[in-house]
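Below you'll find the structure, written out as structure tokens, and then a few comments.
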Amino acid sequence: MTDQITMRLSRSLVPTLKETPAEAQIASHRLMLRAGLVRQTASGIYAWLPAGWRVLQNIARIVREEQDAIGAQDMLMPTIQSADLWRTSGRYDAYGPEMLRLKDRHERDLLYGPTNEEMITDIFRQSVKSYRELPQMLYHIQWKFRDEVRPRFGVMRGREFLMKDAYSFDLDYAGAVISYRKMMLAYMRTFQRLGVKAIPMEAESGPIGGNLSHEFIILAPTGESQVWYDAAFESMDFSSGRFSHESESDLDRFFTQMTTPYAATDEKHDEAAWAKVAEKREGRGIEVGHIFYFGTKYSDPMELRIAAPDGTQVSPHMGSYGIGVSRLVGALIEAFHDDAGIKWPDSVAPFKAAILNLKQGDAACNRICEDLYAKFAGHALYDDREERAGVKFNDADLMGHPWQIIVGPRGAAAGTVELKRRATGERQELSIDAALARIG
RNA sequence: CGGGGCGUGGCGCAGCCUGGUAGCGCGCGUGUUUUGGGUACACGAGGCCGCCGGUUCGAGUCCGGCCGCCCCGACCA
């Protein structure tokens with residue numbers, strides 16, 4: 001997404017910190033601050049610096065591609081909404097202090113949207129009139145605001161956050177179930193591409209009932225809640241092709257596979273059912289997504305009516321599907337880090353590789369680094385600072401680039417570089433071409 | 001929202017109890033040094049001590065109010 005931009009560290013705003021700012025408690029928050037990804041501008045509100053912004057965009061790109069793949073339509077709704085719209089569903093009064101309420105110069109009530117069900121329902125009803133136009137799924141990736149009483153954990157529980165919200169419209173319950181399953185498939189593919197193990201766990205479905213509400217939990221040792229699950233989840237593969245979102249029987253097979261093995265957070269944990277699980281796994285988890293079917297909760301009161309095949313007017317069955325995009329940045333770091341810093345999965349890393357020039361000014365080192373830098377065309381960060389080798393090693397480990405290409409005078413003379421894989425710590429001495437080939 | 005705590009150069013902190021010329025480490029600048037895991041030395045720049053008011057000859061320090069931020073809990077994507 002940011003392919004054209006190249007970066008030389010000496011002239012980049014990537015302010016790494018040797019010491020941890022006092023406010024940061026958990027690992028991801030500390031590391032995001034130390035690696036120069038974000039800066040807090042107010043309680044629970046963050047500015048995304050260049051490297052952090054690249055990560056956020058990488059995650060958003062993958063989310064978007066998988067939403068598109070199941071036929072959801074990308075759009076963008078505003079952050080500021082009118083209170084009147086929310087009065088039509090009754091939620092303006094129901095929502096409570098988490099909703100940030102504003103007034104414009106004419107004293108009209110506005111709000112900074114915490115979610116968009118009312119808005120999408122309103123937009124949809126203005127132009128969709130017939131069952132022939134269903135089903136449809138729409139989504140957007142937008143900043144939202146919830147005035148949390150107590151923001152914490154950095155970006156994982158901020159007040160302003162980037163969220164993917166999708167909404168489905170179907171003629172009836174049976175159709176809504178298909179949309180729901182498609183979305184679950186898209187989610188599993190999304191998390192797989194992000195490099196994490198995510199498990200759908202049944203969640204409170206509210207007054208609607210049924211089993212159509214799932215939370216997606218990423219496994220991370222420092223997660224916020226305790227989770228119990230069947231080891232069967234560990235070997236599942238959702239690469240496209242294994243299940244078609246266009247085949248009802250595939251979706252059925254997929255949904256059964258996802259929801260049959262045991263998986264629960266502490267809220268829904270059932271000791272009796274757990275006792276029957278053959279291969280038990282326990283761990284900590286972070287919720288990064290939530291999908292649910294809510295029927296006609298909005299279409300009814302907001303009078304979204306559609307002509308059914310028999311000519312009657314019916315309220316479409318809806319569902320909504322969220323992924324916490326900015327929260328995922330923190331969650332991924334919780335899942336992938338060590339004492340030295342972040343260990344980005346390849347798919348979301350701000351840069352594929354860092355080029356470490358261990359002897360700035362040395363003719364051979366400079367030449368090799370410049371050459372590599374040009375060849376990466378935007379995918380590598382070149383540490384061209386006048387710093388000691390140790391500083392560069394430490395910062396590279398901190399920032400978590402999947403690969404480090406270490407260029408020092410020793411190897412330069414022989415035409416070799418050292419390639420380090422951040423995730424495993426494995427290093428090897430290679431020719432420049434071999435190193436490039438290895439990184440791909 | 002209940003409970004606790006903190007605001008002092010960019011970052012981490014001391015100083016406040018017991019008022020008297022604002023300090024330390026890191027970072028930053030210059031020079032020398034070092035040259036494959038945060039090198040060493042020297043010199044230097046940088047602070048309305050969160051804000052407003054009060055007490056006092058004198059306030060970073062004492063008193064009052066306000067603002068901001070963090071932690072535990074309840075709550076939450």
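Just so it is clear: chains get the letters A, B, ... in the order the sequence lines come, proteins before strands, and each one is counted from 1.
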* To do: For A:Arg385, enumerate each residue passing the salt bridge (Lys or Arg N to Asp or Glu O under 4.0 Å) test, keeping only those at least two apart in sequence or located in another chain.
  => A:Asp383, A:Asp395
* To do: Only counting residues at least two apart or in another chain, list the ones meeting salt bridge (Lys or Arg N to Asp or Glu O under 4.0 Å) with A:Glu418.
  => A:Arg427
* Asked: Is the cationic atom of A:Arg101 (NZ for Lys, CZ for Arg) positioned less than 6.0 Å from the six-membered ring centroid of A:Tyr92 and within 45 degrees of its normal?
  -> yes
* Ring-face cation contact, A:Phe238 with A:Arg189, 6.0 Å cut, 45° max -> no
Under-4.0 Å salt bridge between [X] and [Y]:
| X | Y | value |
| --- | --- | --- |
| A:Lys297 | A:Glu117 | no |
| A:Asp371 | A:Lys375 | yes |
| A:Asp74 | A:Lys164 | no |

So which protein nitrogen or oxygen atoms get under 3.5 Å of nucleotides 50-52 of chain B's nitrogens or oxygens?
none

Under a 3.5 Å limit for both distances, which nucleotide forms a Watson-Crick or G-U wobble pair with [N], could you say?
| N | answer |
| --- | --- |
| B:rG68 | B:rC6 |
| B:rA42 | B:rU30 |
| B:rG73 | B:rC1 |

Please list each protein N or O that sits under 3.5 Å from an N or O in nucleotides 68-71 of chain B, with the distance.
{"from": "B:rC69", "atom 1": "OP1", "to": "A:Ser43", "atom 2": "N", "distance (Å)": "2.7"}
{"from": "B:rC69", "atom 1": "O3'", "to": "A:Gln40", "atom 2": "NE2", "distance (Å)": "3.1"}
{"from": "B:rC70", "atom 1": "OP1", "to": "A:Gln40", "atom 2": "OE1", "distance (Å)": "3.4"}
{"from": "B:rC70", "atom 1": "OP1", "to": "A:Gln40", "atom 2": "NE2", "distance (Å)": "3.3"}
{"from": "B:rC70", "atom 1": "OP2", "to": "A:Ser43", "atom 2": "OG", "distance (Å)": "2.9"}
{"from": "B:rC70", "atom 1": "O3'", "to": "A:Glu23", "atom 2": "O", "distance (Å)": "3.3"}

* Asked: Any donor and acceptor pair, going by atom type alone, linking the side chain of A:Asp384 with main-chain N or O of A:Gln360 inside 3.5 Å?
  -> no
Say you pick atom [atom1] in [N] and the same atom in [M]; how far apart are they, in whole Å?
| N | M | atom1 | answer |
| --- | --- | --- | --- |
| B:rC6 | B:rC16 | P | 14 Å |
| B:rU55 | B:rG64 | C1' | 11 Å |
| B:rU30 | B:rC48 | P | 24 Å |
| B:rG44 | B:rC51 | C1' | 32 Å |
| B:rC62 | B:rU56 | C1' | 10 Å |
| B:rG46 | B:rC26 | C1' | 15 Å |
| B:rA59 | B:rC52 | C1' | 15 Å |
| B:rC24 | B:rG31 | P | 24 Å |

Which whole-number value in Å describes the distance from [X] [atom1] to [N] [atom2]?
| X | N | atom1 | atom2 | answer |
| --- | --- | --- | --- | --- |
| A:Arg385 | B:rU35 | CZ | C1' | 16 Å |
| A:Glu267 | B:rC75 | CD | C1' | 11 Å |
| A:Glu418 | B:rG37 | CD | C1' | 11 Å |
| A:Leu358 | B:rU34 | CG | C1' | 14 Å |
| A:Arg388 | B:rU33 | CZ | P | 14 Å |
| A:Asn357 | B:rU35 | CG | C1' | 12 Å |
| A:Lys392 | B:rU34 | NZ | P | 19 Å |
| A:Arg146 | B:rC75 | CZ | P | 16 Å |

* **Polar side chain donor-acceptor pair, A:Gln192 to A:Ser239, under 3.5 angstrom** => yes
* **Side-chain donor-acceptor pair present, A:Ser168, A:His317, cut-off under 3.5 Å** => no
* Would you say a side-chain N or O of A:Arg157 is under 4.0 Å from OP1 or OP2 of B:rC76? -> no
* **Residue met sooner reading RNA chain B from 5', once A:Glu215 and A:Gly390 are mapped to nucleotides** => A:Gly390
* 5′-ward residue of the pair A:Glu429/A:His290 relative to RNA chain B -> A:Glu429
* Do any of residues 86-101 of chain A sit with a heavy atom less than 4.0 Å from RNA chain B, and if so which? -> none
* Those residues of residues 361-372 of chain A lying under 4.0 Å from RNA chain B by at least one heavy atom -> none
Mind checking if [X] touches a base, just sugar-phosphate, or nothing, with heavy atoms under 4.0 Å?
| X | answer |
| --- | --- |
| A:Lys420 | base |
| A:Gly322 | nothing |
| A:Thr115 | nothing |
| A:Glu148 | base |
| A:Leu17 | nothing |

* Structure fact -> Tested for ring-ring contact (aromatic ring centres under 6.0 Å, His included) against A:Tyr293, the lone hit among A:Tyr180, A:Tyr321, A:Tyr173, A:Tyr167 is A:Tyr173
Which side-chain N or O atoms in residues 429-438 of chain A pair as donor and acceptor under 3.5 Å with protein atoms at least two apart or in another chain?
{"from": "A:Glu429", "atom 1": "OE2", "to": "A:Thr416", "atom 2": "OG1", "distance (Å)": "2.8"}
{"from": "A:Ser431", "atom 1": "OG", "to": "A:Ala434", "atom 2": "N", "distance (Å)": "3.1"}
{"from": "A:Arg438", "atom 1": "NH1", "to": "A:Gln428", "atom 2": "OE1", "distance (Å)": "2.5"}

* Only one of A:His290, A:Met258, A:Glu215 passes side-chain contact (heavy atoms from CB on, under 4.5 Å) with A:Pro200; say which it is. => A:Met258
Could you give the side-chain donor-acceptor pairs of residues 400-408 of chain A under 3.5 Å, partners two or more places apart or in another chain?
{"from": "A:Gln404", "atom 1": "NE2", "to": "A:Asp397", "atom 2": "OD1", "distance (Å)": "2.7"}

* Return each pair, listed once, that meets salt bridge (charged side-chain N to carboxylate O under 4.0 Å, His left out) where at least one residue sits in residues 320-336 of chain A; pairs must be two or more places apart or across chains. => A:Glu224-A:Arg327
I'd like a table of atom pairs between the protein and nucleotides 27-32 of chain B - only N or O on both sides, under 3.5 Å - with the distance next to each one.
{"from": "B:rG27", "atom 1": "OP1", "to": "A:Lys18", "atom 2": "NZ", "distance (Å)": "3.3"}

* Find the distance between OH (A:Tyr46) and CE (A:Met32) and round it off to the nearest 0.5 Å. => 8.5 Å
* Structure fact -> Which of A:His269, A:Arg281, A:Lys280 passes side-chain hydrogen bond (donor to acceptor under 3.5 Å, both in side chains) with A:Tyr262? Answer is A:His269
* Asked: Which residues pass the ring pair (Phe, Tyr, Trp, His ring centres under 6.0 Å) test with A:Phe124, sequence neighbours left out?
  -> A:Phe169
* To do: Identify, with sequence neighbours excluded, every residue that meets ring pair (Phe, Tyr, Trp, His ring centres under 6.0 Å) alongside A:Tyr139.
  => none
* Any stacking of A:Phe161 on B:rA77, going by centres under 5.5 angstrom and planes within less than 30 degrees? -> yes
